[in-house]
*Asks:* 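Quick one: the structure is below, questions incoming.
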Protein chains: 2
Amino acid sequence: MKKPVRLSDVAAAAETSAKTASRVINGDPRVSAETRRRVEEAVDRLGYRVDLLARSLRRGVDDTIGVIVESIADPFFAAVISEIELAALRRGLNVIVTSNRRLPNREAAIVDSLQQRRVAGLIITPHTSDLSYLASTGTPVVFVDRHPGNFPADVVTFDDRGGARTAVRHLLRYGHQRVAFISDDLGVETSRNRHAGYVDALQESGLPVVGELVATDCSDAAMARARTCEFLDLDEPPTAIFSARSETSLGAVKVLHDRKRTDIAMVSFGDFALADVLSPAITVLEQSPELLGRLAAERLFARLDGDHSDPVNTVIPLRLVPRGSGEIVPSGGGAGA
Amino acid sequence: MKKPVRLSDVAAAAETSAKTASRVINGDPRVSAETRRRVEEAVDRLGYRVDLLARSLRRGVDDTIGVIVESIADPFFAAVISEIELAALRRGLNVIVTSNRRLPNREAAIVDSLQQRRVAGLIITPHTSDLSYLASTGTPVVFVDRHPGNFPADVVTFDDRGGARTAVRHLLRYGHQRVAFISDDLGVETSRNRHAGYVDALQESGLPVVGELVATDCSDAAMARARTCEFLDLDEPPTAIFSARSETSLGAVKVLHDRKRTDIAMVSFGDFALADVLSPAITVLEQSPELLGRLAAERLFARLDGDHSDPVNTVIPLRLVPRGSGEIVPSGGGAGA
DNA sequence: CCCAGGCGTAACAACGATTACCTCATTCCA
DNA sequence: TGGAATGAGGTAATCGTTGTTACGCCTGGG
């Protein structure tokens, strides 16, 4: 049942020293072919496996990277993680995933605990802007999706503001004058930037930003549903909706469908499953979480390989995918009540 | 920039021995209040953090559990992982996630590498049936979603066969005689069981299992689309479809929608986003990945706590949620060509 | 024929914390 | 009052691997 085979056991079986056995295992060339053969034979006869904990302790770093996202269950982050895991696998690294669940102190605690494990690097979706907690250590960090306060590190984000601007311009081009905005809390950087893009587009066209058409407290689909209902019940309801996040889009879509409001245009920031199957199909701003994950992993690996150049700021452009819902023209008079 | 504080540094600062400092840190009661205070003071003055690698090496196990699923990006598994992570967090454990991506040898390699890290336990969605690779070690393992070959361990699954039977019976009750079955490869246990449930239901009603109505090679939505098209193009097409997995449902739904075949009934094994927003809304067999994850974590933790009772086989029942698509009655004559 | 120098190896320490075991008082009870 | 029990704390060994240093052996140039 239990038989921990140590390196010294292998060495004994191969009639050599532990250090030499270690050399063989780590591919050190300074070992004679004969000795190498004996060690290798002993290794698989005894079924020896390196103890990675001991190895990491000795080496000072663990072959592991830590990933912190907001929610693992969110399809967006799940895709990011999946891609990071793939990249890590290719490099022989393990991935420890954690989520901050938007809890205020979790992030610092997680980083702390990961550093106690001596992770080789970190990929973080920053939630708080106070990043003092990782100030002093030298662990390479790459931030994704959002910028860290003013912590000097690589960042990979989407062109949130530009994308939002594009999306709203698209709606305006079809003649909409009253475009609602629905998003998560503006405390979250992505929401803030997308909101800024929304404002940009309206102002370009000389349109006012109407308070009753802006809902920025939708942290989940349920809230998005509630707010969308309120929009539709306004005396002068919007003729188009720009949803700043897939999650909120799910809520908005649900309401539009329930009320059979196929006359209201909509664009979603972020694609989602079945967006193309709905009637009308939903026009989206396509963002690739896979690409985000891949680029982040690449940056981190470069740092692990000793790249000490200045922090790189990678911005991923977005593409608008017209599918129907974004090309609906405003109906004559959309009085709701 | 770098200042590794060791336990002995703390001890020195508190004018005591490393052992006593260790006692304080691990909450050993046999330390005087005064000494304890001095040590604690030294700890936060120096900013000491335990080196978890060193601790784990000494203790023999790491405060980490390994999770192996098929795909991290799959919303189903993402939810499972998220729930496991939450449970692990509460217990102070880290979670290393990996995916086998259905590659033949990955699973064994992953388990191997996780055991080399001395993970405290494993939660696995077995892909291969040959589990010899984890035979000899004593690491607690809990299998989820599928049964391991005949490896004695806790298993948490859904009532796949019973659920499928319920779903198909539901369709038959509405008068369908030609019910198509669409699933992943039958090499995957869940698919096999759901197929068995499908057959059960047909046989109960004295209906034949028609080969041309059974597609069991849909590993992704694209394949499901293709097969659904073939179904609809049959001389005598099905009047209802039972999709054995959310992923295949996405494909089937897409085709039905594109062809505007609102006359074809459908039930999906597994809920998915927007299933209730489609027209018609999709009747599903609701399975809770969160519950699966939670129960698996609970089982594992019980084992970690020294539970040595016989392996437990937990089966989670499923609930049919009628939403419309499953209650469509067969149309008079559904000739397609 | 001698010595520098490279190669293969061995012995040992170190990584940082914990555990097993031991000491020295003090206290409590027969 | 003797002696066991209890409390507080220390010393050294250990976890398994790898970096360091040193040593013996063999080869080739002078």
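Below, chains carry the letters A, B, ... as their sequence lines are ordered, and counting in each starts from 1. Since we're looking at a predicted model, the values are computed, not measured.
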*Asks:* Could you tell me how far apart A:L53 (CG) and C:dG16 (P) are, to the nearest whole angstrom?
*Replies:*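 Interatomic distance, CG of A:L53 to P of C:dG16: 14 Å.
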*Asks:* How would you label the contact of B:T35 with the nucleic acid (heavy atoms, under 4.0 Å): base, sugar-phosphate, or nothing?
*Replies:*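 Sugar-phosphate, backbone atoms only, no base.
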*Asks:* Enumerate all atom pairs, one protein N or O and one N or O from nucleotides 25-27 of chain C, separated by less than 3.5 Å.
*Replies:*
none

*Asks:* Can you tell me the distance, in whole Å, between the CZ atom of B:R6 and the P atom of C:dT18?
*Replies:*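 Atom-to-atom, B:R6 to C:dT18, this comes out as 14 Å.
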*Asks:* So does B:E15 have more than 12 non-hydrogen atoms from other groups sitting under 6.0 Å from CD?
*Replies:*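 Counting neighbours around CD of B:E15, 12 or fewer heavy atoms of other residues, nucleotides or ligands fall under 6.0 Å, so no.
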*Asks:* Tell whether A:R58 reaches the base of C:dA14 with its side chain through a donor-acceptor pair below 3.5 angstrom.
*Replies:*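 Between C:dA14 and A:R58, which were checked side chain against base, a qualifying N/O pair under 3.5 Å is present.
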*Asks:* Between A:Q115 and A:T139, is any side-chain donor less than 3.5 angstrom from a side-chain acceptor?
*Replies:*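 Their side chains do contain a donor-acceptor pair, which is all the 3.5 Å distance test asks for.
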*Asks:* Under the side-chain contact (heavy atoms from CB on, under 4.5 Å) rule, what do A:T98 and A:V67 come out as? Steps first, then yes or no, please.
*Replies:* CA-CA 6 Å; A:T98 53; A:V67 177; over 6 Å; no
*Asks:* Could you tell me whether the side chain of A:H308 and the main chain of A:G306 form a donor-acceptor pair under 3.5 Å?
*Replies:*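 Yes; judged by distance alone, with no hydrogens or angles, the pair exists.
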*Asks:* Can you measure A:R23 atom CZ to C:dG8 atom P for me and round it to whole angstrom units?
*Replies:*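 The answer, rounded to whole Å, is 9 Å.
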*Asks:* Side chain to side chain contact (heavy atoms under 4.5 Å, CB included) with B:R6: which residues, sequence neighbours excluded?
*Replies:*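 Checked B:R6 against side chain to side chain contact (heavy atoms under 4.5 Å, CB included); matches are B:S8, B:D9.
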*Asks:* When A:R102 is tested against each of A:D220, A:D74, A:D184 for salt bridge (charged side-chain N to carboxylate O under 4.0 Å, His left out), which residue passes?
*Replies:*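 For A:R102, the salt bridge (charged side-chain N to carboxylate O under 4.0 Å, His left out) check succeeds only for A:D184.
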*Asks:* Where do A:E34 and A:R38 land on the salt bridge (charged side-chain N to carboxylate O under 4.0 Å, His left out) test, with the steps shown first?
*Replies:* CA-CA 6 Å; A:E34 163 59 12; A:R38 283 212 314 281; 3.4 Å; yes
*Asks:* Closer to the 5' end of DNA chain D via nearest nucleotide, is it B:V31 or B:L57?
*Replies:*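 Its nucleotide being nearer the 5' end, the pick is B:V31.
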*Asks:* Examine distances only and state if a side-chain atom of A:E189 and a backbone atom of A:H147 form a donor-acceptor pair shorter than 3.5 Å.
*Replies:*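 Yes; at least one donor-acceptor contact below 3.5 Å.
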*Asks:* Only counting residues at least two apart or in another chain, list the ones meeting side chain to side chain contact (heavy atoms under 4.5 Å, CB included) with B:D185.
*Replies:*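 Checked B:D185 against side chain to side chain contact (heavy atoms under 4.5 Å, CB included); zero matches.
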*Asks:* Table please: side-chain donor-acceptor pairs of residues 76-91 of chain A below 3.5 Å, with sequence neighbours left out.
*Replies:*
| unit_1 | atom_1 | unit_2 | atom_2 | d |
| --- | --- | --- | --- | --- |
| A:E83 | OE2 | A:R294 | NE | 3.2 |
| A:E85 | OE1 | B:S99 | OG | 2.7 |
| A:E85 | OE1 | B:R101 | NH2 | 2.7 |
| A:E85 | OE2 | B:S99 | N | 3.0 |
| A:R91 | NH2 | A:D305 | OD1 | 2.3 |
| A:R91 | NH2 | A:D305 | OD2 | 2.7 |

*Asks:* Using a cut-off of 4.0 Å on non-hydrogen atoms, how would the nucleic acid contact of A:R36 be classed: base, sugar-phosphate, or nothing?
*Replies:*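 Nothing, no nucleic acid heavy atom in range.
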*Asks:* Round to the nearest Å and state the distance from A:D51 atom CG to C:dC15 atom P.
*Replies:*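 Atom CG in A:D51 sits about 18 Å away from atom P in C:dC15.
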*Asks:* In residues 9-20 of chain B, what residues come within less than 4.0 Å of DNA chain D, judged by heavy atoms?
*Replies:*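 The answer is B:T16, B:S17, B:K19, B:T20.
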*Asks:* Relative to the 5' end of DNA chain D, which residue comes earlier, B:A21 or A:R55, by the nucleotide with the nearest heavy atom?
*Replies:*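 Comparing both residues, the 5'-ward one is B:A21.
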*Asks:* Return whichever of B:R30 or B:A54 has its heavy-atom-nearest nucleotide of DNA chain C closer to the 5' end.
*Replies:*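 Final value for this comparison: B:A54.
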*Asks:* First contact, last contact: which nucleotides of DNA chain D are these for chain B, 5' to 3', heavy-atom distance under 4.0 Å?
*Replies:*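 The protein-touched segment is D:dA8 to D:dG16.
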*Asks:* Return yes if some donor-acceptor pair links the side-chain N/O of A:D51 with the main-chain N/O of A:A54 below 3.5 Å, else return no.
*Replies:*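 Yes.
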